[in-house]
Amino acid sequence: MSKQPKYRQLADALRREIDNGTYPPGSRLPSESELSARFDASRNTVRSGLSLLVTQGLITSSQGLGYDVAKHEVFELNASRFENLEFPQNGDAYSTDVTNAGRRPHQRFRVEMLPAPDDVAERLKVSAGTTAVLRFCHRYVDDVPWSTQATYYPSWLVDASPRLAEPGDIEEGTTRYLASRGIEQVGYFDEIAARMPTPEEARLLEIGAGVPVMLWTRTGYSADRPIRCTITTFRGDLNRMNYEIGELSARGENT
């Protein structure tokens, strides 16, 4: 007999049924009274088990309307090809990847001149408080919030690349734009981390309780110095990232 509390036994049983497709994404779970009868458990025990699944991001609750299995239509990002100028693109890398996946891209922009945060200044090798151009975009896949992206450019780039400080999208992508101005990104350094979202991140990305965010920080370099630092914050439940390194012909056509 299991030593786990009954609410955890209930949550584990429902989690297995969600995983095996008994309750697919978007489906409605049985009512609290039905679960109470099935598991021979009190209504409070049932609610505790369901609350545990909510905090784990597996189900969502609508007050008075029951519980639904969370939809997890995962988008896969190839981080090796992202911004690769040799890879055919239609617009910027985000629009290209989303469109190629048969999905619809949409994004909102904000451009500001402001002091670079200390961690960004360190990556850009400028003094703390140095003015930087922030290009911030809130990105969607179809109509679902996908990520926020904050890219900081050192202010010295603006003279050579004035469109960086202008509002709105740079249709071909900033990496291609900079290259056209003679500022070529020849390499980048990536950092990947995960944590729980801030309240503002949860609001922008419409993240439910218990769902983490994935942080992807990419610092881009010209031949002699850093030229930008991009911090992308993804919903952890809707995104998967991969890299291609080396010769991968043995993978077959899926590459």
Side-chain angles (χ1 to χ4, degrees), residues 74-89 91-101 103 105 107 109 116-126 128 130 132-141 145-154 156-157 161 164 169-170 172-179 183-198 200-201 204-205 207 211-248 251 254-255:
V74 174
F75 181 80
E76 188 156 323
L77 170 71
N78 187 303
S80 303
R81 295 177 179 174
F82 209 75
E83 303 172 281
N84 183 342
L85 302 189
E86 296 178 0
F87 187 69
Q89 291 188 359
D92 66 10
Y94 151 76
S95 298
T96 299
D97 276 6
V98 175
T99 302
N100 287 347
R103 312 279 291 276
Q107 52 190 340
F109 276 91
D118 289 351
D119 59 330
V120 172
E122 183 178 355
R123 290 179 173 89
L124 292 178
K125 296 185 178 180
V126 297
T130 298
V133 179
L134 168 62
R135 296 184 61 84
F136 182 90
C137 55
H138 189 188
R139 288 174 163 169
Y140 296 76
V141 173
W146 178 58
S147 70
T148 62
Q149 185 178 83
T151 302
Y152 296 86
Y153 298 91
W156 60 263
L157 270 178
S161 311
L164 285 180
D169 190 13
I170 294 178
E172 69 273 29
T174 52
T175 303
R176 287 174 184 261
Y177 168 61
L178 289 173
I183 305 166
E184 183 181 358
Q185 178 177 279
V186 298
Y188 52 77
F189 179 75
D190 282 3
E191 302 163 79
I192 311 293
R195 58 165 169 75
M196 298 308 294
T198 65
E200 177 68 3
E201 290 166 345
L204 289 174
L205 297 175
I207 297 175
V211 177
V213 291
M214 177 172 62
L215 299 177
W216 175 26
T217 302
R218 172 169 284 188
T219 305
Y221 296 85
S222 68
D224 56 356
R225 53 182 163 172
I227 56 175
R228 57 95 176 203
C229 176
T230 299
I231 304 168
T232 307
T233 306
F234 297 99
R235 282 182 57 154
D237 59 337
L238 297 182
N239 291 278
R240 180 183 300 120
M241 182 183 295
N242 62 56
Y243 286 81
E244 296 177 349
I245 299 171
E247 172 54 51
L248 299 178
R251 286 193 68 206
N254 290 334
T255 62

message: Apply side-chain contact (heavy atoms from CB on, under 4.5 Å) to residues Thr232 and Thr151 and explain how you reach the verdict.
response: CA-CA 8 Å; Thr232 307; Thr151 302; over 6 Å; no
task: Carefully, step by step, assess Arg225 and Lys125 under the rule side-chain contact (heavy atoms from CB on, under 4.5 Å).
output: CA-CA 8 Å; Arg225 53 182 163 172; Lys125 296 185 178 180; over 6 Å; no
- request: Could you walk me through whether Phe109 and Ile170 pass the side-chain contact (heavy atoms from CB on, under 4.5 Å) test, one step at a time?
  value: CA-CA 10 Å; Phe109 276 91; Ile170 294 178; over 6 Å; no
- prompt: Checking side-chain contact (heavy atoms from CB on, under 4.5 Å) for the pair Leu178/Leu164: CA distance, chi angles, key distance, verdict?
  reply: CA-CA 9 Å; Leu178 289 173; Leu164 285 180; 4.0 Å; yes
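Between His138 and Phe136, the ring centre distance reaches or exceeds 6.0 Å.
Counting only heavy atoms from C-beta outward, the side chains of Ile192 and Met214 approach each other to under 4.5 Å. A 4.5 Å side-chain heavy-atom check between Asp190 and Thr217 finds every atom pair outside the cut-off. With a 4.5 Å cut-off on side-chain heavy atoms, Ile227 and Leu157 count as touching. With contacts defined as side-chain heavy-atom distances shorter than 4.5 Å, the pair Pro105/Thr99 qualifies. Annotation: side chain of Leu124 is in contact with side chain of Tyr152 (closest heavy-atom distance under 4.5 Å).
Scanning both residues, Ala79 and Arg218, for their nearest heavy atoms gives O-NH2, 2.9 Å. Nearest approach of Gln107 to Asp169, heavy atoms of both residues: NE2-OD2, 3.8 Å. Closest approach of Ile245 to Leu248, counting heavy atoms only: O-CD2, 3.9 Å. Closest approach of Glu172 and Arg176 over heavy atoms only: O-CD, 3.3 Å. In plain terms, the two heavy atoms of Met196 and Val211 that are nearest each other are CE-O, 3.7 Å. Considering every non-hydrogen atom in both Pro226 and Trp156, the closest pair reads O-CZ2, 3.8 Å.
At a cut-off of 3.5 Å, with distance as the only test, a side-chain donor of Tyr153 or Thr174 sits close to an acceptor on the other residue. Between the side chains of Thr175 and Gln185, no donor-acceptor pair is found at a separation under 3.5 Å.
The aromatic rings of Phe234 and Trp216 lie parallel to each other, with less than 30° between the two planes, well short of the 60° mark.
Here the straight-line distance linking atom CG of Leu215 with atom OG of Ser147 works out to 11.5 Å at 0.5 Å rounding. For the atom pair SG (Cys229) and OH (Tyr221), the distance works out to 8.5 Å, reported to the nearest 0.5 Å. Within the model, atoms CD1 of Ile183 and OH of Tyr177 stand 8.0 Å from one another, a figure rounded to the nearest 0.5 Å. The CD atom of Gln149 sits 9.5 Å away from atom OG1 of Thr233, with the distance rounded to the nearest 0.5 Å. Taking CZ from Arg235 and OG1 from Thr148, the interatomic distance works out to 12.5 Å, rounded to the nearest 0.5 Å.
Using a 4.0 Å cut-off between charged nitrogen and carboxylate oxygen, Glu201 and Arg195 count as a salt-bridge pair.
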